[in-house]
Structures are given as structure tokens and as C-alpha cells.
Amino acid sequence: MTTVPMSASDTNLDHHSAEFRENNYDILRELQGRCPVAKSSAWAGFWLFTSYDTVFEASRDPELFSSHMSKGVPTVEGQTDPLIPIDIDPPMLQEYRKILLPHMSPGAARAKTGDLRTMATELIDVFIETGQADLSTQLFTPLPARWILQLLGFDDSQWGQWIEWIHTVIHDRASEPEKTMQAVMELYGAMSAEIARRRERPTEDLTTVLIRAEIDGRPLTDPELIGIVFLLLLGGMDTTAGLTGNAFLRIDADPALRRRLVEDPDVLDRSTEEFLRHDTPTQGLARIVTRDAEFHGRQLRKGDRVLLMYAAANRDPGVFDRPGVIDFDRAENRHLAFGLGLHRCLGSNFARVMFRVMITETLRRMPDIRISGQVERYPDAGDVYAVRNLPVRFTPGSREAS
Amino acid sequence: VEDAVYLRVDADKCQGHARCNAVAPEFFELDEMGYTAVRPGSVPADQEDAARRGVAACPERVLALEESPSD
């Protein structure tokens, strides 16, 4: 491929647009086939990497592809400090992650499985006798939201307020910058108050762990603490709900998938990975180029912004046979739904457990559950591709919580 | 040993996806951070299948099976 000058655009793709939300996989497939390193003219210009190998390579090269907070397409209005560690480069990146990793490990997630199952039981109990529900607002959204609030030691009965702020930051940031700035201000206020409370009265929660943590022999500053808590809320609240809603749409549309999930508990691990690949909630994340460099035949310039499109890489036909088909029996499924390299999603282990708990409890207690009305997605799928409303009907059952 | 296979582990590139442990917990243990704790070296014949599953699951491609030990 010849080097194309910066001024030329390959596409006008705006990942925050309604067109992308409605046709994301068709658009990504076309772009991947035509131009896997593509320059879009939207948002003052940015690159889209859509093939598996380009996303793989860029993810593992933080020296060329920085995570500095200026990478956003666009950036978040009102955000003054980096989100930690997603906006941080090595070597500080690894220092922050060291604090969080033991609390987000597979063992930590496994230890919480019983509590998560109890939470699912209680949430389903609220509507099980009525024969109808909105699975998104009544189960898939509150469970991950309440989990992350509990982990932080915040009052999880207030999940509705927190999730409203977080949804604004994720889904309205491109279209409503002023509303987003207001939400960010309120979030900063609420997080600061929680941190101050914990300083005064330490407890056993993750917020207290963070306050006690040291980095380079010093405690974390308030902007650092807020940067970490903010990211935990953003990552924790929306993505797992998105994955579960996306997967449920597939299960509803395919009786064979549903039957397999109900009848074969052994398939759960493989099916989780396949839904992560096929129905990736975090469609892509941004990087910023640190120096002029050639990449797969294209000339990148210092300061160029790049979106690593995980959703596209996860359907690369060069890596995944029949990528648009959900196949629990794939021999290899090294999908990039949680990213790759030093920024691998810290919540991946909890996400997998929560996804399994929500899907298995839904199918166990409502085996004949069907979508019964208009499914509505969040208008902006550019950051997280997720379902907002998921009306369902089922044969009423009994409450189970003691 | 005839037909022995050796596990290569690029430990400093492990990012804690923990997929090796998920598909073959009997062979791939994790440390308290969630990184793979498996040691490089020859794989016992009865563990070879587990090792292969773990290698195939690693999204970072930091695990590999080889015919001869790496240096």
C-alpha cells in the first residue's frame, strides 16, 4: 500500500452517530475489508484501526500509542484530571494497577459469586410474580452498578443516581457537552464526599484500601483517588450491563442457543467468551500517537488520535472463522473484548462472573422468557454498545429470597 | 525424552487475562495478582492436553509449546 497524505480521508465515519449505532457491524466490516487503517474526517480527524493484527500491535505498543487523556474522540467536558489507570502510560500505569489487581483477580471475583447470586435473586424477586419486566433497567443495569458501589463501600441503594451520572458521561458526552460537564461536576462532588468520609472513618472497602495505598512511598493524592474511583464507576457500571443485554438479544433470537445454555452448564465459560467476542460492549478505545511513524503502510503523525476498534477486530475473518456466527465450540477464541497489553480491563474477571450469574439466573427462573416489546439502545454506541430498555414477558414464578 | 514438549512462558508480557487458568486450572495456577504462575519447562505427558488448551486461550500469546527447551 502506498503512503497516503494526511489530508485525504478514507471515510467520514462518526462512531457516535445514529448510523453507527444501527449499522455498526456492517460499517466496521466494510471498513475492515477496504482499509483496516483508516482516516476518518469526523471529529477533526482520527484513525480507526479495525483489523485484528493492527489492534493487537497498537495495544502492545504504548510507547507509540499513548493513553494520555487528550486521546478522547472527543474528550470528556469538565474532566480535569486523568482517569486512572486508563489515561496513564508506563511506568506509572503498572504502579497504579498493582494496587488494584489483587482486588480484581479471578479469586476475588470467585469469592464474590455467592453475593452476586443473592443480589440477582433479590432483583428478580421484585418482578418474578408479575410475568413481565424490563430486564435492562431491573436486572442487567442495577446488578453491576450495585456491585461496584459495594466494592467501593458506597451506599448501593443510591445506584440510580450514580448510574444516571455515569450514563450521561458515557452516552451523552458527544452530543450534550454541557449536560456532561454538569454530571462530571456532581460526580466529582459525590466522590470527594465519599473519600472524605473514609478518611475520617476507615472501613474495609476498596476506597479505604486506596486511601491507605502508597505509590513511590507516598499516599495517593485526592485527584489520583478520584481518578481511580471515577474509572471504577465508569468501567463497572455500564459495560457488563451492555454485554449482558447484547447477549440476551442473541439468546432471544436463537432457540438453539437458549437450549444449550439451559441444558449444558459446562458451556458457560466458552459461551461467555463467545458473547464477549460477538457482542463486544466496548466497541473501541482511543490512543494518541507520540511521534511520526509509519504503521501498516500509513503515515501517522505525532498527536493523531486513533480508535482501536475491538468490536471489528473480534470479527476479523482472517482470525475468526465465520465471525458473524455465535459458535460456543470455537477451538480458539482470543478475542480482544477486554483490550490487550498493559491496559487489559481490570474488571474482566468480575465482568465474566456477573455476566454468568445474570444469564443463568434469568434462564433458570424464567425459562420461557421472551422479548415482548420495543428494544431501545442508548443513542450513542461509540463508547459502549448497550441496550437501554429490554421489555420481556414470562410465566410468573415464585420469590426465592428468604 | 522422546516426544517431550516444553512450555515457554513470556512472563513479563502476561497481563492477567487468566484465560489459561480458566480453561486448564489443573495446570495453570495464578498468583495473587491474577498473573500466570506456571513455570516454563518440560510438560509431563499427562498434562500436555491441559497445557495445549491454556496456550491456545492466551490472548497475549505469551505461552507456547515447543519441541525443545528454550535457553
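The shown structure was predicted, so the numbers you read here are calculated from the model rather than taken from an experiment. Every heavy atom of this structure was used, including side-chain atoms; hydrogens, water molecules and symmetry mates were not.
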Q: Can you tell me which of A:His103, A:Glu332, A:Arg344, A:Met104 forms the most heavy-atom pairs within a distance under 4.5 Å of chain B?
A: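 The answer is A:Arg344.
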Q: Taking side chain as everything from C-beta outward and backbone as N, CA, C, O, which of these in B:Arg19 sits under 4.5 Å from a heavy atom of chain A? Side chain, backbone, both or neither.
A: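 Only the side chain of B:Arg19 comes within 4.5 Å of chain A.
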Q: Do B:His17 and A:Leu340 come close enough that some side-chain heavy atom pair is under 4.5 Å?
A: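 Heavy-atom side-chain distance check passes, below 4.5 Å.
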Q: Working to the nearest 0.5 Å, report the span between CE of B:Met33 and OG of A:Ser105.
A: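 Rounded to the nearest 0.5 Å, the CE-OG separation comes to 10.0 Å.
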Q: Quick check on B:Glu32 against chain A: is it the side chain, the backbone, both or neither that has a heavy atom closer than 4.5 Å?
A: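 Only the backbone of B:Glu32 comes within 4.5 Å of chain A.
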Q: Please look at A:Arg60 and chain B and tell me whether the side chain, the backbone, both or neither of the residue comes under 4.5 angstrom of a heavy atom of that chain.
A: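 Interface part for A:Arg60: side chain.
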Q: Sort A:His335 into side chain, backbone, both or neither according to what part of it lies under 4.5 angstrom from a heavy atom of chain B.
A: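 Contact with chain B is through the backbone of A:His335 alone.
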Q: Please give me the minimum heavy-atom distance between B:Ala18 and A:Asn349, naming the atom from each residue.
A: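 B:Ala18 and A:Asn349 have their closest heavy atoms at CB-OD1, 4.1 Å.
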Q: Check the surroundings of atom CD in B:Glu29: do more than 12 heavy atoms from other residues, nucleotides or ligands lie under 6.0 Å from it?
A: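 No, the 6.0 Å shell around CD holds no more than 12 heavy atoms from other groups.
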Q: Take atom CD of A:Glu204 as the centre, draw a 6.0 Å sphere, and report whether it contains more than 12 heavy atoms from other residues, nucleotides or ligands.
A: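 No, CD of A:Glu204 has 12 or fewer neighbouring heavy atoms, counting only those of other groups under 6.0 Å.
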Q: Measure the spacing between CD of B:Gln15 and SG of A:Cys345 and express it to the nearest 0.5 Å.
A: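 Rounded to the nearest 0.5 Å, the CD-SG separation comes to 13.0 Å.
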Q: Please check if the side chain of B:Glu60 supplies one atom and the backbone of A:Gly341 the other of a donor-acceptor pair under 3.5 Å.
A: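 A pair under 3.5 Å: yes.
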Q: Can you tell which part of B:Ala57 gets under 4.5 Å to a heavy atom of chain A, answering side chain, backbone, both or neither?
A: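 The backbone, not the side chain.
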Q: If you draw a 6.0 Å radius around CD in B:Glu26, do more than 12 non-hydrogen atoms from other residues or ligands fall strictly inside?
A: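 Buried by this count: over 12 neighbours within 6.0 Å.
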Q: If you count heavy-atom pairs under 4.5 Å with chain B, which of A:Leu101, A:Asn333, A:Leu100, A:Leu346 comes out on top?
A: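 Answer, by heavy-atom pair count under 4.5 Å with chain B: A:Leu101.
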Q: Can you tell me which of A:Lys98, A:Glu273, A:His343 forms the most heavy-atom pairs within a distance under 4.5 Å of chain B?
A: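 Top option by heavy-atom pairs under 4.5 Å: A:Glu273.
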Q: Taking side chain as everything from C-beta outward and backbone as N, CA, C, O, which of these in A:Pro102 sits under 4.5 Å from a heavy atom of chain B? Side chain, backbone, both or neither.
A: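 Answer is both: backbone and side chain atoms of A:Pro102 are under 4.5 Å from chain B.
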